[in-house]
Amino acid sequence: MLTKEEEAMLNGEMGEGVQKAMEIIVALGKIYNAKELIKVESAHISGVSYKNLGDEGLEFLEEFASMGVKTIVEATLNPAGMDMESWEELGFSREFAEKQTRIVKAYERMGVKATCTCTPYLIGNKPKFGQHIAWSESSAIIYANSILGARTNRESGISALASAITGRTAKYGLHLDENRLADYIVRVKCDVKGVSDFGALGYLIGKIVRDKVPYITGIKIADLDELKALGASMAASGAVGLFHMENITPETKIKKMIKDHAEEIEIENLKEAYETLNYDIREIDVVSIGCPHASIEEIRKVAYMIKGRKVKSQLWITTSRRIYDEAKRQGLLEIINEAGGKVIRDTCIVVAPIEELGFKTLATNSAKMATLSPSHSKVKVRFGSLEDCIKAALSGVWNDN
Ligand code: F3S
């Protein structure tokens with residue numbers, strides 16, 4: 001059932017662009033049997049890299065923007081295919097840069113903030129507990145649902161944009177209480193320490209539970225970077241949109257978040273994840289830290305580890321513009337640059353056309369990146385701890401011992 005205002009949007013009374021956006025929301029509502037639409041507080045929009053969108057996507061966005069549509073709620077943008085400022089010195093082609101710039105400008109004309117990050121929650125688009133939002137970008141969705149307790153389905157870039165323009169989404173899926181209860185209880189029986197271990201755990205859980213909700217027990221302590229890595233890999237190896245972690249994620253502190261007949265599984269160790277995600281390679285062309293985009297704490301850790309030393313392979317730390325500026329202010333950028341590393345804004349190894357930059361091998365502490373980059377970026381991967389990755393950056397080779 002639509003309100004009068006929603007009917008008006010659908011009938012074209014607020015312009016053709018708004019009508020098109022409302023048609024998308026209503027169509028999704030029909031597919032998923034939603035009884036009504038709900039207002040959203042914010043949107044986060046993926047589908048930004050020219051590498052993924054191509055000319056067709058670029059033309060669609062420019063055409064949509066030329067209809068004069070404007071976002072009516074806070075809307076942020078996912079990473080683009082390049083650092084929007086330093087693309088030339090990083091080796092991106094002018095043709096790619098021009099088209100990428102047109103895409104970001106089209107979004108800006110619609111009122112979307114050109115944040116170009118997959119961690120909008122670290123730079124101000126941080127929904128509150130219980131708020132309804134419409135986000136795309138699987139790692140941001142799972143973070144918003146699980147760690148912040150906000151409510152979003154796994155939106156596509158286009159449906160999130162439609163929500164930003166109409167301020168609405170269809171009420172189904174993870175917006176409803178009953179769908180936020182866990183289908184699986186996952187008992188973790190091994191030590192899980194650091195971003196790569198949490199990523200490995202997420203990889204294993206995502207493979208098992210696919211698009212269902214897991215309730216994780218056995219973890220006593222986890223910091224936000226570790227939880228960010230856990231969710232990102234779970235959403236990449238499976239299609240998980242929400243997880244609970246006993247006594248850690250907010251909804252578990254309020255009520256029992258488990259279905260009556262939830263299936264129980266145990267994770268005894270993380271070996272399978274490390275084995276599956278590692279290729280048998282030694283030479284490392286590029287080390288990638290910051291998937292999802294690095295927090296200031298992660299950048300600080302890297303800076304301390306490479307201070308006064310020199311990297312042999314390329315070292316890319318990918319982050320948002322805002323965190324980059326903070327790293328600069330704190331003097332971390334200078335330390336990293338002096339060691340030969342690069343802090344790169346607006347993009348990441350997966351959405352940038354790194355094949356064109358000649359990278360064939362990659363080391364990362366992100367299970368999500370290790371899962372996606374072989375197919376998306378045609379590279380062979382080493383996956384391990386931050387310490388292992390920094391050692392590889394300093395020596396140019398991956399050492400198993
Ligand atoms: Fe973000 Fe790129 Fe990873 S968009 S989650 S850094 S694959």
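In listed order, ligands and their atoms are each counted from 1.
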### Task
Show your reasoning for whether ring-ring contact (aromatic ring centres under 6.0 Å, His included) applies to W316 and F359.
CA-CA 12 Å; W316 281 32; F359 298 141; 5.7 Å; yes
### Task
Check whether any N, O or S atom of C118 sits under 2.8 Å from atom 2 (Fe) of ligand 1.
no
At a 4.0 Å threshold, what atoms of ligand 1 neighbour a non-hydrogen atom of [X]?
| X | answer |
| --- | --- |
| G290 | 6 (S) |
| S139 | 5 (S) |
| K368 | 5 (S), 7 (S) |
| C348 | 2 (Fe), 4 (S), 6 (S), 7 (S) |
| V350 | 7 (S) |
| E137 | 5 (S) |

### Query
Is ligand 1 under 4.0 Å from a heavy atom in the side chain of C291, in the backbone, in both, or in neither?
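It is both parts that get close, each with some atom under 4.0 Å.
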### Message
Please verify the inter-ring angle class for H244 with Y215; under 30° counts as parallel, over 60° as perpendicular, anything in between as tilted.
### Response
tilted
### Query
Parallel, tilted or perpendicular: which describes the rings of Y172 and H175, with under 30° parallel and over 60° perpendicular?
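Rings of Y172 and H175: perpendicular, as their planes differ by over 60°.
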### Message
Please tell me whether S313 and D285 have a donor and an acceptor in their side chains that are separated by less than 3.5 angstrom.
### Response
no
#### Entry: Given H44, E137, R321, H293, the one that forms side-chain hydrogen bond (donor to acceptor under 3.5 Å, both in side chains) with T117
H293
### Task
Run the salt-bridge test on D55 and R102 with the 4.0 Å N-O cut-off and return the result as yes or no.
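Not counted as a salt bridge, because no side-chain N and carboxylate O are separated by less than 4.0 Å.
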